[in-house]
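We count residues from 1, following the sequence as given.
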Amino acid sequence: MATVITPDPRRWWALTALVASMLTLGFDMTILNVALPTMAGDLGASTGGQQWMADAYVVVFAALMLPAGLLGDRFGRRLMLVTGLGIFLAGSVVGSLATDVTWVVAARAVMGVGGALVMPLALSVLPSLFGPDERSKAIGVMSAASALGMPLGPILGGWLLDHFWWGSVFLVNVPMVGIGVAACLFLLPETRDPGSPKVDVTATALTAAGLGALVYAIIEAPTRGWGDPLVAGFLAGGAVLLAGLTLRERRAARPMLDMELLRQRGFLVNALTATLVTFVLAGLLFLLPPYLQAVLGHDALGTGLRLLPMMAGLMISARGAQPVVARFGSRAVVSCGLVTLAFAAFLGSRTTADSGYGFTALWLTVTGLGFGFAVVPAMDGALATLPSDRAGSGSGLLMTLRQVGSAIGIALLGSLQASAYRDRLDVTGLPGPAADTAGESVVAAHLVAERSGTPGLAASASSAYVHGMGVVLLVCGVTALVAALSAAAFLPGTRPAEGGENGVPAVAGCEGDARQ
């Protein structure tokens with residue numbers, strides 16, 4: 001790691017460039033969710049197609065984040081950071097020009113490659129710019145930018161869709177990435193660590209292929225059936241590939257994924273808790289926009305604004321979690337956060353097509369509070385168990401698990417909702433092709449109802465979608481309760497000394513350690 005001799009007078013300008021990069025990645029995580037209903041109508045995307053448009057980015061991101069960090073260590077962090085921004089830019093341009101679902105999925109996958117390079121490396125260059133006295137403040141600014149992107153994404157996406165076509169949610173990345181590239185080239189010094197482990201190409205391939213196979217099987221299962229040979233084959237293949245990855249990493253002298261850390265009870269329980277919360281959050285952010293747009297009839301901007309109660313609850317509890325943990329201990333706060341999340345999910349499962357937004361805003365706010373009070377101390381608790389010589393590999397494993405949770409959440413909860421929606425949808429009297437189209441998504445059903453002049457279909461589709469969302473929320477509630485019991489039983493009861501010294505919520509602030 002480079003030694004800072006004299007503070008660079010341009011360091012705060014350089015930080016501004018890095019903030020723009022992190023902000024872009026932050027809102028790109030959520031900006032597409034608001035656009036999916038519009039894209040589904042224009043591109044004829046089924047629920048499975050929408051799941052792939054969201055998941056392609058996350059699967060690639062999860063598979064490549066650790067090797068991307070190692071590439072920066074070996075070949076130059078600034079070089080790889082600029083390369084990642086360039087790849088992200090190329091994927092954004094392709095996405096804006098896409099004319100079918102396949103091209104959107106491909107563009108999102110390319111953006112995932114770029115994002116995997118940018119996320120760990122954007123923070124890894126900070127030690128070359130800032131001394132120890134300023135580094136905490138710089139990391140806090142960077143992490144806050146990443147966290148701020150989550151609530152900004154739906155609002156920005158909604159505004160763009162109200163004024164432009166859906167490709168604008170991709171093109172908005174162009175100016176910010178361009179500024180980031182230029183600033184990195186002119187303001188950032190080059191740093192590297194030639195002694196870092198080599199990138200394990202085989203392990204990377206096993207991760208990507210295993211995750212991809214599992215996600216494909218889960219997304220296809222509602223249409224083909226869980227007993228379909230193709231679905232069963234991909235499930236089995238994914239399990240075999242990930243088992244091979246585990247065996248390879250356990251035998252490696254310097255593994256990319258330090259599986260031995262999972263033997264530590266504190267790390268394991270906290271990591272699983274954080275992964276579960278990410279699983280639920282990603283699934284809900286996928287399911288809520290169609291409900292707000294197709295069922296309640298709000299436009300894209302209105303949808304983004306109506307997601308704010310959950311984001312506000314998340315940000316408030318993420319900020320307030322540390323003092324509460326200092327008073328009551330991590331185990332109590334994590335358990336109560338998960339119980340709050342379970343209560344919100346059970347409350348949300350009572351939603352009907354006629355409930356209106358007021359009831360939805362109530363349980364969304366409680367949901368956000370539960371998320372924050374569960375995930376922040378869980379992340380801090382997991383990182384606190386790591387010895388100093390394994391902080392990089394441990395935080396990298398933690399972030400990878402969270403990204404896997406996000407991908408599986410979109411796939412599994414989206415598929416569960418799709419199955420419940422199809423089972424409840426009434427397509428009596430519709431021709432076969434129209435019935436099949438209506439069964440693909442609630443957006444498609446409303447379009448079919450409008451074109452065929454059958455308002456009863458729209459009402460049935462709205463009711464079926466809300467029913468499916470209720471089923472998903474019940475599953476989330478039960479899972480959160482089980483996790484709360486596990487946390488109460490197995491988490492260490494000690495209070496962390498000073499977790500998160502910079503006061504940055506761990507929901508966004510832990511990415512910087514994933515670089516090693």
message = For a side-chain contact (heavy atoms from CB on, under 4.5 Å) check, start with the C-alpha distance between Leu308 and Ile155, then their side-chain angles and the critical distance, and finish with the verdict.
response = CA-CA 9 Å; Leu308 280 181; Ile155 298 174; 3.6 Å; yes
Here the gap from Thr479 atom OG1 to Phe279 atom CZ, rounded to the nearest 0.5 Å, amounts to 6.5 Å
For the backbone of [Y] and the side chain of [X], can you confirm whether one donor and one acceptor N or O come within less than 3.5 Å of each other?
| X | Y | result |
| --- | --- | --- |
| Ser415 | Leu412 | no |
| Arg108 | Tyr57 | no |
| Ser317 | Phe371 | no |
| Arg402 | Thr278 | no |

Checklist line | Verdict with reasoning, Thr360 to Tyr291, per side-chain hydrogen bond (donor to acceptor under 3.5 Å, both in side chains) | finding: CA-CA 10 Å; Thr360 302; Tyr291 164 70; 3.0 Å; yes
Quiz item: After noting the C-alpha distance and the side-chain angles of Leu285 and Ile410, does the key distance pass the side-chain contact (heavy atoms from CB on, under 4.5 Å) rule?
Solution: CA-CA 9 Å; Leu285 286 175; Ile410 294 171; over 6 Å; no
Would you mind reporting whether [Y] and [X] have side-chain heavy atoms less than 4.5 Å apart?
| X | Y | value |
| --- | --- | --- |
| Phe234 | Ile218 | no |
| Phe373 | Val324 | yes |
| Leu473 | Leu284 | yes |
| Leu242 | Leu206 | no |

Sequence neighbours excluded, the answer for side chain to side chain contact (heavy atoms under 4.5 Å, CB included) partners of Leu481 is Ala342, Phe346
Enumerate, atom names and distances included, each donor-acceptor pair closer than 3.5 Å involving a side-chain atom of residues 268-277, sequence neighbours excluded.
{"from": "Asn270", "atom 1": "ND2", "to": "Gly266", "atom 2": "O", "distance (Å)": "2.9"}
{"from": "Thr273", "atom 1": "OG1", "to": "Val269", "atom 2": "O", "distance (Å)": "2.8"}
{"from": "Thr275", "atom 1": "OG1", "to": "Ala271", "atom 2": "O", "distance (Å)": "2.8"}

Heavy-atom pair of closest approach, residues [X] and [Y]:
| X | Y | value |
| --- | --- | --- |
| Ala203 | Leu245 | O-CD1, 3.5 Å |
| Ser349 | Gly470 | CB-O, 3.6 Å |
| Val215 | Ala411 | CG1-CB, 4.1 Å |
| Ala420 | Gly468 | CB-CA, 3.6 Å |
| Pro377 | Val325 | CB-CG2, 3.6 Å |
| Ala361 | Pro309 | O-CB, 3.9 Å |

Please lay out, stage by stage, how Leu341 and Thr367 fare under the test side-chain contact (heavy atoms from CB on, under 4.5 Å).
-> CA-CA 5 Å; Leu341 180 58; Thr367 298; 3.9 Å; yes
ask   = Can you list the steps and then say if Leu288 with Met469 is a side-chain contact (heavy atoms from CB on, under 4.5 Å)?
value = CA-CA 8 Å; Leu288 283 168; Met469 190 172 71; 4.3 Å; yes
Donor-acceptor pairs are to be reported for all side-chain atoms of residues 80-92 against protein atoms at under 3.5 Å, with residues two or more places apart or in another chain.
{"from": "Thr83", "atom 1": "OG1", "to": "Leu79", "atom 2": "O", "distance (Å)": "2.7"}
{"from": "Ser92", "atom 1": "OG", "to": "Phe88", "atom 2": "O", "distance (Å)": "2.9"}
{"from": "Ser92", "atom 1": "OG", "to": "Asn173", "atom 2": "ND2", "distance (Å)": "3.0"}

